[in-house]
Amino acid sequence: MSSAQVAGPAEIDRARLAALIERERATYRHRHSKSRAAFEHGAAHLLGGVPMTWMRMWAGGFPLYLDRARGAELVDLDGNRFVDFCLGDTGAMAGHSPEPAVAAVTSRYAGEGGATTMLPIEDASWVAAELARRFGPTHWSFTLSATDANRWAIRLARQLTGRPKILVFSYCYHGSVDEAFIVAGPDGPRSREGNVGAPVDPRETTRVVEFNDLDALERELGAGDVAAVLMEPALTNIGIVLPDPGYLDAVRELTTGHGCLLINDETHTFSAGPGGCTRAWRLSPDLVTIGKSIGGGIPFGAYGLTAELAERILADEDADIVDTGGIGGTLAGNALSIAAARATLEQVLTEAAFDRMIGLGDRFTAGVGDVIQSRRLPWSITQLGARAEYRFCPQPPHTGGESAAAADSELDEYLHLYTANRGVLMTPFHNMALMSPATTAAHVDTHTEVFAAAADDLVG
Ligand SMILES: Cc1ncc(COP(=O)(O)O)c(C=O)c1O
């Protein structure tokens, strides 16, 4: 993990930026006319005109429509080719349609047959053993998404501790988990802006503190009602916020001391290495959750717990984890997802692949850092292994609140349009770039050149 920062920042000329955005919007409309037509005329019965409403998030007024994707590149409906650093916001961190996963899925679906049968397949044991080897917790169960892995891990934690609340960090994101839509503010905790139809006020279910604030964590855990702390070892969904030295060890000590469980959500922080931050930083959570990339693009998620917790939950006669107790889904643990996960973990997201991906993360961070420094831009870049993110503040943010305050929708739009118009795809939500096993040094250098050109246009 690393970050670079600048001294003596230059000012951003807002009038100039507004003119550049207009120019880039026009180019975007021109280059992507088929995507625009598909969005404007072909989607009358899709809520918001898109298959999932967050696909409206793309800058430019309409999303790019996918034609095809392989490895680290994709082609849109207009035939434009992109180097893809978005990688499905980590769902495609293994690269698009990696060959081993294609072969395993084809074999299971078209060969043996039986995508979803409610029967186990033997590969499940291999996947669980591999997750145990990589992340530590010894007993694993499967889901179709990281959201469900978190939801079910939270339920298990409540059952195991007999406590009602969980604790999360301000501006975290753990999927559409009701308990997590809460932020810390000067007047105390509040529901996160835009929280849709919340089942209850999240203050009833959740305590929230800023990341890297140990005093606040100790105070909140002191109430004695927290079943589990749900955390990413580094925040990745509000830019990247790295832990202070010693912070995660102190979190472990405090959670143990206050009798609550620690859940590491490694869905994004998996970028830190083959066993995520948990292994890279020698952490010892009680539960680990993960999703997105480990199915090679096929829906798959997992949660693992220690042997002691597994024994306790299996022995708990009040906990129906088999039928209608609130944990599980018909398609969870299905054969197709497991076949994809085995192939992805065994042959794609390997130790060697992570070495290469992290090397490319270093290259990306160095390239962007040089551009930021040489143009004296008041920005910073932060790296977490194979993932890097630039943020519009001169110092890398230290809390979720600080990082949220550095959001700049105009700069976001400008950079997203600028890169998309020149064949580079970044994550739409923020300025995250992810390396896959198929990403090359040439891909990274393409981004650096485009980013440098965008900076030059901006500073004139
Ligand atoms: C850390 C983290 N956990 C969980 C999720 C939820 O993943 P999914 O939407 O695939 O369920 C996300 C999604 O961005 C995430 O970033």
Side-chain angles (χ1 to χ4, degrees), residues 1-5 134-137 153 157 166-174 180 183-184 206-224 226-290 304 306 354 358 361-362 365 369 380-389 391 393-406:
M1 64 178 180
S2 66
S3 22
Q5 61 199 56
R134 291 186 183 216
F135 293 97
I166 66 153
L167 183 143
V168 298
F169 296 88
S170 202
Y171 291 101
C172 67
Y173 185 73
H174 295 283
V183 289
T206 313
R207 293 184 177 274
V208 59
V209 297
E210 287 286 4
F211 198 76
N212 279 324
D213 184 345
L214 281 174
D215 290 342
L217 181 64
E218 186 162 25
R219 184 189 65 231
E220 294 298 316
L221 292 184
V226 174
V229 169
L230 172 63
M231 78 184 304
E232 291 189 282
L235 298 183
T236 67
N237 283 293
I238 187 77
I240 295 174
V241 180
L242 296 174
D244 287 343
Y247 174 68
L248 295 174
D249 291 338
V251 171
R252 178 67 280 190
E253 272 173 35
L254 283 175
T255 45
T256 305
H258 285 89
C260 78
L261 300 174
L262 178 60
I263 307 172
N264 274 6
D265 179 350
E266 287 278 13
T267 303
H268 277 186
T269 49
F270 190 25
S271 64
C277 289
T278 298
R279 176 158 134 199
W281 298 344
R282 297 172 202 279
L283 308 175
S284 50
D286 301 295
L287 295 99
V288 167
T289 56
I290 189 164
T306 60
F354 269 98
I358 292 171
D362 295 343
T365 306
S380 51
I381 176 154
T382 303
Q383 181 188 355
L384 184 66
R387 175 188 305 279
E389 167 125 14
R391 205 80 192 142
C393 47
Q395 308 290 334
H398 183 246
T399 65
E402 259 176 50
S403 196

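If you read the sequence from its start, that first residue is 1, and numbering goes on from there. Atom set for the values below is all heavy atoms of this structure, side chains included, hydrogens, waters and symmetry mates excluded.
- Across every non-hydrogen atom of Asp286 and Leu261, the tightest pair is OD2-CA, 3.3 Å.
- Among all heavy-atom pairs drawn from Gln383 and Gly385, the shortest one is NE2-O, 2.9 Å.
- Residues Leu384 and Cys277 are in side-chain contact: their nearest non-hydrogen atoms beyond the backbone lie under 4.5 Å apart.
- Taking the six-membered ring where tryptophan is involved, the planes of Tyr247 and Phe169 are perpendicular, since the angle between them exceeds 60° and thus also 30°.
- In this structure a side-chain-to-backbone donor-acceptor pair under 3.5 Å is missing from Glu210 to Ala184.
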From CA spacing to verdict: side-chain contact (heavy atoms from CB on, under 4.5 Å), Met231, Asp265: CA-CA 6 Å; Met231 78 184 304; Asp265 179 350; over 6 Å; no
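- Taking the six-membered ring for Trp, Tyr171 and Phe211 have ring centres at least 6.0 Å apart.
- A 4.5 Å side-chain heavy-atom check between Leu214 and Leu254 finds at least one atom pair inside the cut-off.
- Atom CG of Asp215 and atom CZ of Arg219 lie 8.5 Å apart (nearest 0.5 Å).
- No donor-acceptor pair closer than 3.5 Å links the side chain of Thr382 to the backbone N or O of Glu389.
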Chi angles and distances behind the side-chain contact (heavy atoms from CB on, under 4.5 Å) call for Leu221, Cys260: CA-CA 8 Å; Leu221 292 184; Cys260 78; 3.9 Å; yes
side-chain contact (heavy atoms from CB on, under 4.5 Å) between Thr289 and His174, worked out: CA-CA 10 Å; Thr289 56; His174 295 283; over 6 Å; no
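- Put simply, the side chain of Ser403 never gets that close to the backbone of Pro397: no donor and acceptor are under 3.5 Å apart.
- If you take CG on Asn264 and CZ on Arg252, they are separated by 8.5 Å, rounding to the nearest 0.5 Å.
- A 4.5 Å side-chain heavy-atom check between Leu217 and Arg207 finds every atom pair outside the cut-off.
- Residues Ala272 and Ile358 come closest through the heavy atom pair O-CD1, 3.6 Å.
- Residues Ala234 and Trp281 share a closest heavy-atom pair of CB-CH2, 4.2 Å.
- For the pair Arg387 (side chain) and His268 (backbone), a donor-acceptor distance under 3.5 Å is present.
- Summarising the geometry, atom CG belonging to Leu235 is positioned 9.5 Å from atom CG belonging to Leu242; distances are rounded to the nearest 0.5 Å.
- The OG1 atom of Thr365 lies 4.5 Å from the CD1 atom of Ile381; values are rounded to the nearest 0.5 Å.
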side-chain contact (heavy atoms from CB on, under 4.5 Å) assessment of Glu220 paired with Val226: CA-CA 8 Å; Glu220 294 298 316; Val226 174; 5.8 Å; no
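- Closest non-hydrogen pair, Val288 versus Pro137, comes out as CG2-CG, 3.7 Å.
- The distance from atom CG of Leu287 to atom CG of Leu230, rounded to the nearest 0.5 Å, is 10.0 Å.
- Listed for the Ser170 side chain is no donor-acceptor partner under 3.5 Å among the backbone atoms of Gly401.
- Between His398 and Asp244 there is a side-chain heavy-atom pair separated by less than 4.5 Å.
- A distance of 7.0 Å separates CD1 in Ile263 from CD1 in Ile166, rounded to the nearest 0.5 Å.
- Distance alone, capped at 3.5 Å, is enough to place a donor-acceptor pair between the Arg134 side chain and the Pro274 backbone.
- Contact between Glu266 and Thr269 at its shortest, heavy atoms only, is OE1-OG1, 2.5 Å.
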